[in-house]
Amino acid sequence: MKAELGGPQQVEVQTEKSPSSFSIMWRELVRDKLALGSLILLSIILLIVYGSSLILDKEEIVKVDLLSIYAPPSSEHWLGTDYGGRDIFGQLIIGARNSFTIGLAITLITGFIGLTVGLIAGYFGGVVDNIIMRIIDFILVLPFLMLVIVFVAIVPKYNVFTFILIMSAFLWTGKARLIRAKTLAERELDYVSASKTLGTPDWKIIVREILPNLSSIIIVNLTLNLAGNIGIESGLSYLGFGLPESTPSLGTLVSYAMNPDVLQNKWWVWLPASLLILVMMLCINFIGQALKRAADARQRLG
Amino acid sequence: MLKFILRRIVIMIPQLFLLSILVFLLAKAMPGDALTGRLANNPKMDAQTLAEMKEKLGLNDPPYVQYVRWIKNLMQGDLGISYIHQQPVTDLLSERIGNTLLLSACILILSYIIAIPLGIVSGRWTNSLADKLIVGYSYLSFATPLFIFALLMLFVFGFILGWFPTGGSVNIQVEKGTVDYYISKINHLILPSLSGALLSTVGTIQYLRNEIIDTKIKDFVKTARAKGVPESRIYSRHILRNSFLPIAAFLGYEITGLIGGSIFLESIFSYPGIGQLFLQSIMQRDYSVITALVMISGLATLLGTLLSDIILSAVDPRIRIE
């Protein structure tokens, strides 16, 4: 009799597995209408941008046409033309593609460095941690924007890769500090001590046991950073110290507004690019905020 | 406490040293040296005199000798000579630095004026409509890049509506020292400082909101309420008192953001400050000015964080580093 009752109960206990952090994130994202809308809008934008950049004739876009300088929007040029008679819509697509790709590249590189350094510093502690943290503290107090501009100005053979490297050299620090703090807390927990007692090698504890527990924080941080990096890149390109001229960015289009006449009278040159940057950054941020709530059980919508 | 301050200052010394090394190396890495700029104005100079001048200026000395000399000059306030403007860098900076300080101060004050009431409302009436709007605004301002926002502000209020001047720091036709002069100065400040301030409120709002939400359920607040203290007094005397000092202390951490922000704002509003000077010097390759600006900004950031760390630890002993 007892055994019969116990049977189904045990089955019930087994089926109630706690949901994985990814399914929690997905659920939170779908519940939050703003974040879901942002995700859909961003996907559409990216599909259009990457899709049409494959089809678009790049020769056609960079071709200077002196007969249609600063032409307002028409059926031939959807968003008009710039000072060289070049099609703004085509430049917008190429610029958005470059800005997003480079923002993503910087995010992934800084994510990888930050994660590695943070995990090592947090897990091993001691002298290693001390040295790493001093370096991070130092980089964090540097005037970031000024130094990036100086580096961009003096680096010989400047190209997209050097730009990504310069940016990454500064931007990994915040992430490393965050991951280190979380690893430090995680290290003290029982499962790590248990694993250590069992003789699991350190790298296995770090990669197989601690890393999965940090995954939600990492995803949130990477998402919010992606938005930030797109902003910094287009801002630097706006000032003229971002992507080199051969790879136009959304910021390059906005920089045409430095000419007061363009800013005042030729909105089609700079306004679409500005709004596209704004929309992309808002979308990514809203998604990031929803993920952030998912990572923190107290703030979840349900 | 004294021990903590001393320890904190000791930590700063290697940072200061590293910063100076970095700036010195950057200055060395910049193509051309102090002579190239000077020679540009005097094409008649031959190789013999060039070598002599190089020797005289100490450009042939080993790097560490040059470094020590540079540091010595720096400490005496000698930042070198700008070869584009043909005047000492210190003179050039003193013309501009006042404008940037004024703009930064306006941004800070405005952002506190906006953020503190919003933070209080948002924390006191959590989940109300006002709270939701304020949280929405802080998300938006967090996500919006400064240069886009400033550009849109300039476009809408400067050009379309024409309410504010679109560039400069003062109307040059107005005589200096008159009332009109100061009015014109303020008028030129409104748009850039508002653009900066509206986007830099998010930290203060969120901090205040969280503090109030955490504090308002604490026992001492309940006690005060039970004693019959009016609600407004509970907030002004009991809850907010603890939250304001840290907000003031964050000021030092804001300096990095303000320096970065001034580069964008001064470029967009053609405001003659050090951010604009920095960009111009980079384009004209005026290296002595660039080096001086990077060094000063780095120093300001270092001192800012030092100040903030000390104030914060005085307020909250838990965060003192051991």
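In the text below, chain A, chain B and the rest are named by the order of the sequence lines, each starting its count at 1. Below, each value reflects all heavy atoms present in this structure, side chains not excepted, and no hydrogens, waters or symmetry copies.
Taking all atoms of both residues into account, the shortest heavy-atom contact from B/Phe157 to B/Leu191 is CB-CD1, 3.8 Å. Summarising the geometry of A/Ile106 relative to A/Ser168, their closest heavy-atom pair is CG2-OG, 4.1 Å, with the distance given to 0.1 Å. The two residues A/Ala35 and A/Leu29 make their nearest non-hydrogen contact at CB-CD1, 3.8 Å. Of all heavy-atom pairs between B/Ala292 and B/Val89, the closest is CB-CG1, 3.7 Å. Closest of all the heavy-atom pairs between A/Met146 and B/Ile263 is CG-CD1, 3.8 Å. Residues B/Pro192 and B/Leu103 come closest through the heavy atom pair CB-CD1, 3.8 Å.
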Hey, can you dump all donor-acceptor pairs under 3.5 Å between chain A and chain B, distances included?
from, atom 1, to, atom 2, distance (Å)
A/Ala153, O, B/Arg285, NH2, 3.4

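Of the atoms belonging to B/Leu140, heavy atoms from both backbone and side chain fall under 4.5 Å from chain A. In this structure, the portion of B/Ile282 lying under 4.5 Å from any heavy atom of chain A is its side chain and not its backbone. In this structure, the portions of B/Ile268 lying under 4.5 Å from any heavy atom of chain A include both its backbone and its side chain. Of the atoms belonging to A/Ile232, not a single heavy atom falls under 4.5 Å from chain B. Only the side chain of A/Leu271 comes within contact range of chain B, with heavy atoms under 4.5 Å apart. Residue A/Ala153 touches chain B through both its backbone and its side chain, counting heavy-atom pairs closer than 4.5 Å.
Every side-chain contact (heavy atoms from CB on, under 4.5 Å) that B/Pro145 has, sequence neighbours left out, goes to A/Ile277, A/Leu278, A/Met281, B/Phe147, B/Ile148. With sequence neighbours excluded, no residue satisfies side-chain contact (heavy atoms from CB on, under 4.5 Å) with B/Leu101. For A/Phe144, the ring pair (Phe, Tyr, Trp, His ring centres under 6.0 Å) criterion is met by A/Phe170, not counting sequence neighbours.
Per-residue heavy-atom pair counts under 4.5 Å with chain A were compared for B/Leu146, B/Ile160, B/Val294, and the maximum is reached by B/Val294. Interface remark: of the candidates B/Ile259, B/Val23, B/Leu19, B/Leu19 forms the most heavy-atom pairs closer than 4.5 Å to chain A.
Looking at B/Leu154 and B/Phe159, their side chains come closer than 4.5 Å, going by heavy atoms from C-beta outward.
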